[in-house]
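Contents: one structure, followed by commentary.
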Amino acid sequence: MSIITRFAPSPTGHLHVGNARIAIANALLSLRDGGRFVLRYDDTDVERSRDEYADSIADDLTWLGIEWDEVVRQSARLDEYRGAASKLEKLGRLYKCYETREELELKRKHLLSSKQPPIYDRGALALSDGERASLEAEGRRAHWRFKLAPGEITWADLVRGPQHYDPANVSDPVLIREDGTFLYTLPSVVDDMAFGVTHIVRGEDHVTNTAVQLQIMEALGGTPASLSFAHLPLLVGPEGEPLSKRLGTASLREMRDDGLEPMALASMLAALGTSEAVAVCHDLVALATTFNFAHVSRNSPRFDPNNLWPLNAQLLQETPFAAVADRLGLPDADEAFWIAVRGNIDRLAGAREWWVICHEPLTPVPGEMDFLTAAAEVLPPAPWDGETFRAWVAAVKAETGRKGKALFMPLRVALTGRDHGPELHNLLPLIGRERVLKRLSGDVA
RNA sequence: GACCCCUUCGUCUAGAGGUUAGGACACCACUCUUUCACAGUGGAGACACGGGUUCAAUUCCCGUAGGGGUCGCCA
């Protein structure tokens, strides 16, 4: 059976690296095995879900190169969930509760302050029909909880190994709010079953949900044993702090705007926290071949945006002109220019700087005029090519007796205004003879 | 308060009851007749702490500390 994975974000905000990493893991898994990948918007929270966020998430996923075979919104599948709920009700696994949020909150506080686990006491289960009727007569509206069955819940986790969970440690989960809307728990199970999801890959913040959802799935007639789970440790910040505390630096939007290449990010997120060496991959298919849950560590890996830039630089260095021509924003730039500068930038936008240095007037840094004048006198005639610089330097060397740094550095500074940059033999033809001559004589050119 | 997970160079990790504790990235130096980068070579750099088991523990056990997660009518 072919693999089916899903990424199920709630459209309540923009994509951040934590989510993106989960999306990539799911996408790579299905890519590697030629399976299917479903994008599912868990938009059951109508208060917070917004279309603009759904669009933004889709846009960011696309930017990352992730394609989905199918997209669904839970808000469009309410009938399915209602059907599942009534099935659970008939089985006696779904029951009405009348406590208000305030009452529940109070109970939790009491339990906590008396050092008890804040677990729901199932008070609603003890209600008589008469009591229920009078509560409803008061105008109280019921919310519904799933009745967890006793007994250890077990599953094999692709990352965490054999798992067991005692449902006594959690409250019966509320499945339906008092206004009749669903929480994500039941829809998630219904959809995983309906779409034939074979691998649930998510953050380890979902492990207790897994225990609960396994019971729900079983109650609905599903076969939990056929499902594979992989709970990835959550990313933390550079100091080991929760990433949620620094969402600013973790949003894909911000990194995109900062000039990050999508495959630099994807390469990082796929390898971080695994024994795989972080190495630049140019497409997700190549990345997928390295992806393996057996290589995922159980530690919380630190994500430091600073580590992205060396990767980004390396990626650009390996990128052919055709792949950037349209994005350079320099209509006149050609392949020779790109080849000359790509090794010296860590952001694509950095190419513009060198374009300007080659093609626009430059105020020269005062240099050793005697030397520069001597160099100008032996400047080869046009036309120039990649070998011109070598010939010129040989002539300058013969003329002045200089060598090494003393020979090259003054030329570099005079021609570019900087003490570092792309190879001069590539730059020289781009600057052109006329301009070179002027810069050597100290003129603005 | 309960439950789950984790702790090896700065970072991501490999590792086995006896190893010179390995690799990658970052860092430093040298080389490649300039710079940046690439490449190559070399270098510095780690087993959280305390007990226990053992001839031997970084590895197994217990505890402590630290970190992450969960305990929502959020997802």
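The sequence lines fix the lettering, A, B, ..., with proteins before strands; numbering per chain opens at 1.
One can place CG of A:Asn169 at 11 Å from P of B:A2, the figure rounded to the nearest angstrom. Taking atom CG of residue A:Leu104 and atom P of nucleotide B:C74, one finds them 11 Å apart after rounding to whole Å.
For A:Trp68, there are no ring pair (Phe, Tyr, Trp, His ring centres under 6.0 Å) partners two or more places apart in sequence or in a different chain. Qualifying salt bridge (charged side-chain N to carboxylate O under 4.0 Å, His left out) partners for A:Glu136, counting only residues two or more places apart in sequence or in other chains: A:Lys96. Legend: residues meeting ring pair (Phe, Tyr, Trp, His ring centres under 6.0 Å) with A:Phe7, ordered by chain and number and at least two apart, are absent. For A:Phe291, the ring pair (Phe, Tyr, Trp, His ring centres under 6.0 Å) partners are A:Phe293, not counting sequence neighbours. For A:Ala414, the side chain to side chain contact (heavy atoms under 4.5 Å, CB included) partners are A:Leu372, A:Leu440, not counting sequence neighbours. When the side chain to side chain contact (heavy atoms under 4.5 Å, CB included) test is applied to A:Gln317, no partner is found at least two apart in sequence or on another chain. Every residue was checked against the salt bridge (charged side-chain N to carboxylate O under 4.0 Å, His left out) condition with A:Glu47, not counting sequence neighbours, and none meets it. Qualifying side-chain hydrogen bond (donor to acceptor under 3.5 Å, both in side chains) partners for A:Arg302, counting only residues two or more places apart in sequence or in other chains: none.
Across all strands shown, B:C30 is found opposite B:G40 as a Watson-Crick or G-U wobble partner, with both distances under 3.5 Å. B:U64 is paired with B:A48 under the criterion used here, namely a Watson-Crick or G-U wobble arrangement in which both key atom distances are under 3.5 Å. B:U19 is unpaired under the Watson-Crick or G-U wobble criterion, no partner having all donor-acceptor distances under 3.5 Å. Across all strands shown, B:G10 is found opposite B:C25 as a Watson-Crick or G-U wobble partner, with both distances under 3.5 Å.
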Exercise. Show the numbers, then the answer: is there a salt bridge (Lys or Arg N to Asp or Glu O under 4.0 Å) between A:Arg253 and A:Asp60?
Key: CA-CA 8 Å; A:Arg253 294 277 138 165; A:Asp60 282 342; 3.1 Å; yes
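Distances from the side chain of A:Leu272 to the nucleotides B:C12, B:A75, B:G69 place B:C12 closest. Of the candidate nucleotides B:G68, B:C74, B:G1, B:G1 has the atom nearest to the side chain of A:Pro118. Counting only heavy atoms from C-beta on, A:Arg108 has its side chain closest to B:G72 among B:G68, B:U70, B:G72. The side chain of A:Asn209 approaches B:A75 more closely than any other nucleotide in the set B:C12, B:A75, B:G68. Which of B:U70, B:C4, B:C74 sits closest to the side chain of A:Leu183 comes down to B:C74. Counting only heavy atoms from C-beta on, A:Ser275 has its side chain closest to B:U13 among B:A75, B:C4, B:U13. For A:Glu204, taking side-chain heavy atoms from C-beta onward, the closest of the listed nucleotides B:C4, B:G72, B:G69 is B:G69.
A:Thr416 comes within contact range of no nucleotide atom at all, as no heavy-atom separation falls under 4.0 Å. Contacts of A:Leu407 with the nucleic acid, taken as non-hydrogen atoms under 4.0 Å apart, are absent. Within the nucleic acid shown, A:His231 has no heavy atom closer than 4.0 Å to any nucleic acid atom. No contact: A:Arg418 has no heavy atom under 4.0 Å from any strand.
A heavy atom closer than 4.0 Å to some atom of RNA chain B occurs in A:Ser297, A:Arg298, A:Asn299, these being the qualifying members of residues 287-299 of chain A.
With hydrogens and angles disregarded, no donor-acceptor distance shorter than 3.5 Å links the side chain of A:Asp42 to the backbone of A:Ser188.
For the side chain to side chain donor-acceptor pair (under 3.5 Å) condition, no pair includes a residue of residues 369-378 of chain A, sequence neighbours left out.
If you take CD1 on A:Ile176 and OG1 on A:Thr185, they are separated by 11.0 Å, rounding to the nearest 0.5 Å.
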Detail all sub-3.5 Å separations between protein N/O atoms and N/O atoms belonging to nucleotides 30-38 of chain B.
from: B:U35; atom 1: O2'; to: A:Asp419; atom 2: O; distance (Å): 2.8
from: B:U35; atom 1: O2; to: A:Arg412; atom 2: NH2; distance (Å): 3.3
from: B:U35; atom 1: O2; to: A:Gly421; atom 2: N; distance (Å): 2.6
from: B:U35; atom 1: O2; to: A:Gly421; atom 2: O; distance (Å): 2.5
from: B:U35; atom 1: N3; to: A:Arg412; atom 2: NH2; distance (Å): 2.9
from: B:U35; atom 1: N3; to: A:Gly421; atom 2: O; distance (Å): 3.0
from: B:C36; atom 1: O2; to: A:Asn344; atom 2: OD1; distance (Å): 2.8
from: B:C36; atom 1: O2; to: A:Asn344; atom 2: ND2; distance (Å): 2.4
from: B:A37; atom 1: O2'; to: A:Gln317; atom 2: OE1; distance (Å): 3.2
from: B:A37; atom 1: O2'; to: A:Gln317; atom 2: NE2; distance (Å): 2.6

Might you list the N or O atoms of the protein lying below 3.5 Å from N or O atoms in nucleotides 24-26 of chain B, with each pair's distance?
none

